[in-house]
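Labels below follow one simple rule: chain letters A, B, ... track the order of the sequence lines, proteins then strands, and each chain is numbered from 1. Just the heavy atoms: all of them, side chains too, but no hydrogens, waters or symmetry mates, feed the values below.
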2 protein chains.
Amino acid sequence: MDLSIHCQSCSFSHLCLPVSLDQAALQSLDDIIERKKTLQKHDVLIESQRPFKSLYAVRSGSLKSFVTTSDGQEQIVGFHLPGDLIGFDAINSKVHPSSSVALETSMVCEVPFVTLEDVANRFPKLRSQIMHCMSDQIKQGNELMMLLNKRKADERLLYFLTQLSQRFAERGFSDKQFNLSMTRNEIGNYLGLTVETISRLLTRFQKDQLIKVDGKLIQILDYPTMLAKAQGVHNEIVFLRA
Amino acid sequence: MDLSIHCQSCSFSHLCLPVSLDQAALQSLDDIIERKKTLQKHDVLIESQRPFKSLYAVRSGSLKSFVTTSDGQEQIVGFHLPGDLIGFDAINSKVHPSSSVALETSMVCEVPFVTLEDVANRFPKLRSQIMHCMSDQIKQGNELMMLLNKRKADERLLYFLTQLSQRFAERGFSDKQFNLSMTRNEIGNYLGLTVETISRLLTRFQKDQLIKVDGKLIQILDYPTMLAKAQGVHNEIVFLRA
DNA sequence: CGCGCCTTTGAGAGAGTTCAACTAACGTGG
DNA sequence: CCACGTTAGTTGAACTCTCTCAAAGGCGCG
């Protein structure tokens with residue numbers, strides 16, 4: 001019995017490379033993908049400075065990617081959920097500028113890049129899809145830049161939580177209750193804040209009845225208000241009565 | 001006489017789509033490019049929310065790209081110099097998420113995207129080059145995220161100036177003396193700082209003999225020190241004598 | 001069951017913002 | 001060509017958000 005899962009039956013194919021591919025293209029893509037063994041928490045998928053050979057697609061679990069600063073600190077540049085593709089930042093330099101590490105037990109598919117290019121040459125839809133994924137990542141990066149430059153700590157964290165909720169929903173998970181696979185330290189690192197600030201804000205959000213926090217478990221109580229505050233809408237201004 | 005300039009003779013082709021294309025591919029690319037008329041300062045090249053039709057390559061001058069926040073502020077996400085490509089963030093959504101405006105008199109080449117895809121299907125090298133450009137933009141975005149999250153105001157501005165200097169050098173311009181086409185307000189907006197902070201820092205850098213400032217004109221006096229400080233190297237630590 | 005890492009909470013400090021006033025440069029129309 | 005309004009830049013002083021430092025509690029894993 002074939003235990004390995006194929007793109008054709010993967011429940012996250014709607015978020016991944018297979019989007020809008022026909023059967024033939026999908027089969028060709030599936031043929032070149034190497035299923036990797038499971039990663040345990042803290043296992044390194046990509047080590048920065050290593051030569052770029054493959055992209056990786058997350059099948060289950062979650063990972064973080066980070067660049068290392070000249071003074072040795074890490075800066076997290078992304079959290080990856082099932083269906084996400086990792087490694088686009090390495091295509092140009094042929095060397096990975098960032099590292100990727102599993103945040104929990106995870107599975108990934110390895111997509112050898114030169115082979116992917118061959119298949120992409122035969123199937124324009126696949127080439128197109130790769131570009132769409134990269135375009136989206138550039139767009140997300142721009143929005144993140146806005147967040148870091150213009151938003152206060154509470155707005156950043158609310159953005160993070162609402163975005164995570166949305167991403168879970170897209171993947172068929174609950175968007176109202178989920179586990180954070182990253183530590184508060186890692187959330188702070190990503191958002192340009194300290195652990196202490198993240199911790200204080202989470203307790204404050206709980207007091208304000210926006211969420212319920214139980215360690216890693218987050219329950220979303222008032223999504224609309226969270227979304228509004230995440231976008232910098234201050235309710236004092238919204239007292240425009242009918 | 002044909003006054004329009006072609007990719008074949010463009011002095012910035014080494015930074016743009018033509019990189020590593022053979023004659024046939026280059027000609028095909030050149031054929032689809034529409035030379036746009038000159039943009040004056042403040043002219044809008046791309047207005048956000050408009051449908052995505054084309055990428056643009058900067059031929060001369062400079063532009064800024066920015067996203068607009070929910071509360072109407074602008075967040076600058078990039079400054080573009082000759083050879084840069086604009087519009088990659090729109091490929092996925094087919095709508096421009098950001099606007100682009102000329103900072104001075106500038107010329108751009110319009111590259112209709114569907115036509116570009118056709119040509120890219122025939123010339124794998126071109127397809128590859130597009131992905132390389134996008135990959136580089138993702139990588140730059142990650143580095144910028146590190147800058148905004150981990151670096152102090154002076155380090156951010158020094159990074160900005162040294163990077164600008166490098167980009168000018170790549171384009172055959174002087175890397176030791178150049179004009180800023182953006183205002184201090186725009187620099188601050190990009191770096192997540194205020195005008196006042198930028199102004200104060202520039203005067204401080206001048207006092208410290210790192211640069212000479214005369215309005216928009218910047219002279220680099222001590223590039224090595226600037227580069228070191230831009231990367232967060234504090235010279236107090238570097239007193240490791242032989 | 002003990003050690004390490006993660007998290008929480010408090011108090012004080014600091015980098016950069018905000019507010020305000022002033023100067024300089026620009027260009028537009030009289 | 002000058003007066004004027006507008007935008008850009010500089011500088012000072014007070015404030016504030018978040019960081020830093022410190023200490024204690026809790027969870028999980030060997």
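Contact detail for A/E110 and A/S54: the closest heavy-atom pair is OE2-OG, 2.7 Å.
One atom, CD of B/E186, and another, C1' of D/dG9, lie 13 Å apart when rounded to the nearest Å. Rounded to whole Å, atom P of D/dA8 lies 12 Å from atom CZ of B/R184. Between the P atom of D/dT10 and the NZ atom of B/K207 lies a distance of 12 Å, rounded to the nearest Å.
Listed for the B/H14 side chain is no donor-acceptor partner under 3.5 Å among the backbone atoms of B/G83.
Contact of the B/M226 side chain with the B/L161 side chain is registered, since non-hydrogen atoms from C-beta on lie closer than 4.5 Å. B/E34 has its side chain out of reach of B/C109: every pair of non-hydrogen atoms, C-beta onward, lies at least 4.5 Å apart.
Between the side chains of B/N185 and B/T183, no donor-acceptor pair of N or O atoms lies under 3.5 Å. With hydrogens and angles left out, the side-chain atoms of B/S65 and B/H80 include a donor and acceptor closer than 3.5 Å.
Boundaries of the chain A contact region on DNA chain C are C/dT7 to C/dA11, first to last in 5' to 3' order (nucleotide atom under 4.0 Å from a heavy atom).
Across all strands shown, A/K41 has no heavy atoms under 4.0 Å from either base or sugar-phosphate atoms.
In this structure B/R167 satisfies the salt bridge (Lys or Arg N to Asp or Glu O under 4.0 Å) test together with B/D84, sequence neighbours excluded.
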Study note, to complete from the structure: Its contact letters, B for base, S for sugar-phosphate only and - for none at protein heavy atoms under 4.0 Å, make nucleotides 11-26 of chain D read BBB----SSBB-----
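Defining each end axis of the helix from C/dC1-D/dG30 to C/dG30-D/dC1 as the rotation carrying four pairs' C1' atoms onto the next four, with five pairs an end, the two axes are found to diverge by 40° to 10 degrees.
Counting heavy atoms of neighbouring residues, nucleotides and ligands inside a 6.0 Å radius, atom NZ of B/K176 exceeds 12 of them.
Distances shorter than 4.0 Å separate none of the side-chain N or O atoms of A/K216 from OP1 or OP2 on D/dC27.
The salt bridge (Lys or Arg N to Asp or Glu O under 4.0 Å) analysis of residues 203-228 of chain A, with sequence neighbours excluded, yields the pairs A/D154-A/R204. Legend: salt bridge (Lys or Arg N to Asp or Glu O under 4.0 Å) pairs involving residues 193-202 of chain A, not counting sequence neighbours: none detected.
Checked against a 6.0 Å centroid threshold, the rings of B/Y190 and B/F79 count as neighbours.
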